[in-house]
Amino acid sequence: MSRPDPHVAHTLLIVDDDDVFRGRLARAFSERGYDVREARDGEQALRSAEQETPELALVDLRMPGCSGLEVVAALHRLDATTRIVVLTGYGSIATAVEAVKLGATHYLSKPADADDIEHAFARAAGDGDATLPVREEDAPSLARVEWEHIQRVLTDAGGNISVAAKRLGLHRRSLQRKLSKYPVSR
């Protein structure tokens with residue numbers, strides 16, 4: 001994949017409440033020739049975007065204050081041409097679909113590095129050759145697939161645990177116990 005033209009710096013807004021992770025990504029993309037702006041939460045991101053809309057935005061899904069989905073929708077309203085990649089450690093198919101409906105052009109699960117993110121932006125721009133290499137460790141575990149299915153059913157049930165439990169054929173308390181655990185890793 002080609003790097004951006006050094007004479008034309010692509011603007012990139014990185015929105016993540018993890019200061020260390022955000023800073024590391026900002027340095028990596030700056031070294032690749034991007035004009036990087038950082039925001040630690042949704043409000044800061046939207047203030048920055050209102051001053052100058054970015055060409056690219058990387059948005060963490062879970063942050064204090066407004067959610068990443070709200071940020072995606074607001075960025076898309078400000079400028080529909082902004083390519084938005086949603087990045088999260090709590091990925092599910094349901095949130096991926098919701099993010100795309102709101103204006104995201106791609107969705108990645110953490111951990112993701114600068115190469116993964118750059119590939120996602122390239123794919124969002126229509127570069128079909130920008131495929132990520134498939135690694136054996138990328139295949140989700142059965143527990144991860146179960147977690148994503150539960151999240152999808154819960155979203156379809158409007159967040160109602162009783163309705164979701166009935167649709168899943170589980171007792172409400174069993175579903176609550178499953179939901180109280182952290183999402184399983186890949």
Verify, without hydrogens or angle tests, whether Glu38 (side chain) and Ile14 (backbone) share a donor-acceptor contact under 3.5 angstrom. no
Does Ile161 belong to the same Ile/Leu/Val/Met/Phe/Trp/Tyr cluster as Leu168, with side-chain heavy atoms less than 4.5 Å apart forming each link? yes
Can you tell me how far apart CZ (Arg32) and CZ (Arg27) are? Round to the nearest 0.5 Å. 13.5 Å
Note: Leu75 and Val59 closest approach over all heavy atoms is CD1-CG2, 4.0 Å
Which distance, rounded to the nearest 0.5 Å, do you find between the CG of Leu61 and the CG of Leu87? 9.5 Å
Within a strict 4.5 Å, meaning less than it, do heavy atoms of the Val72 and Val86 side chains meet? yes
Taking Val100 as the starting point, is it possible to reach Val85 by hopping between hydrophobic residues whose side chains are less than 4.5 Å apart? no
Between His119 (side chain only) and Asp115 (backbone N and O only), is there a donor and an acceptor less than 3.5 Å apart? yes
Treat each ILVMFWY residue as a node, draw an edge where side-chain heavy atoms are under 4.5 Å apart, and state whether Val153 and Leu175 are in one component. yes
Starting at CG of Asp60, measure out to CZ of Arg40 and round the result to the nearest 0.5 Å. 14.0 Å
Please round to the nearest 0.5 Å and tell me the distance separating atom CD of Glu52 and atom CG of Leu13. 10.5 Å
Shortest non-hydrogen contact from Val15 to Met63? CG1-SD, 3.5 Å
Determine yes or no for a side-chain-to-main-chain donor-acceptor pair under 3.5 angstrom, with Thr82 supplying the side chain and His76 the backbone. no
Write down the atom of Tyr107, the atom of Ala99, and the distance for their closest heavy-atom approach. CD1-CB, 4.3 Å
Ser48 side chain to Gln44 backbone, donor-acceptor under 3.5 Å: no
Donor-acceptor pair, distance only, cut-off 3.5 Å: does the side chain of Glu70 make one with the backbone of Ser67? yes
Asp116 CG to His106 NE2 distance, which is reported to the nearest 0.5 Å: 10.0 Å
Take Tyr34 and Glu118 through the test side-chain hydrogen bond (donor to acceptor under 3.5 Å, both in side chains) and record every step on the way to the result. CA-CA 11 Å; Tyr34 291 83; Glu118 198 170 44; 2.8 Å; yes
Going by heavy atoms in the side chains, are Thr155 and Glu98 under 4.5 Å from each other? no
Find out if a path of hydrophobic residues (ILVMFWY) with successive side-chain heavy-atom gaps under 4.5 Å connects Phe21 to Phe121. yes
Closest heavy-atom contact between Asp41 and Pro64? CB-O, 4.1 Å
Heavy-atom closest pair, residues Ala157 and Val163: CB-CG1, 3.7 Å
Quick check: closest heavy atoms across Lys178 and Ile150, and the distance to 0.1 Å? CD-CD1, 3.7 Å
When you check the side-chain N and O atoms of Gln176 and Arg172, is any donor under 3.5 Å from an acceptor? yes
Looking only at atom types and distance, does a side-chain atom of Thr105 sit under 3.5 Å from a main-chain N or O of Ile84, one as donor and one as acceptor? yes
Could you state the interatomic distance from CD1 (Ile117) to CZ (Phe29), rounded to the nearest 0.5 Å? 4.5 Å
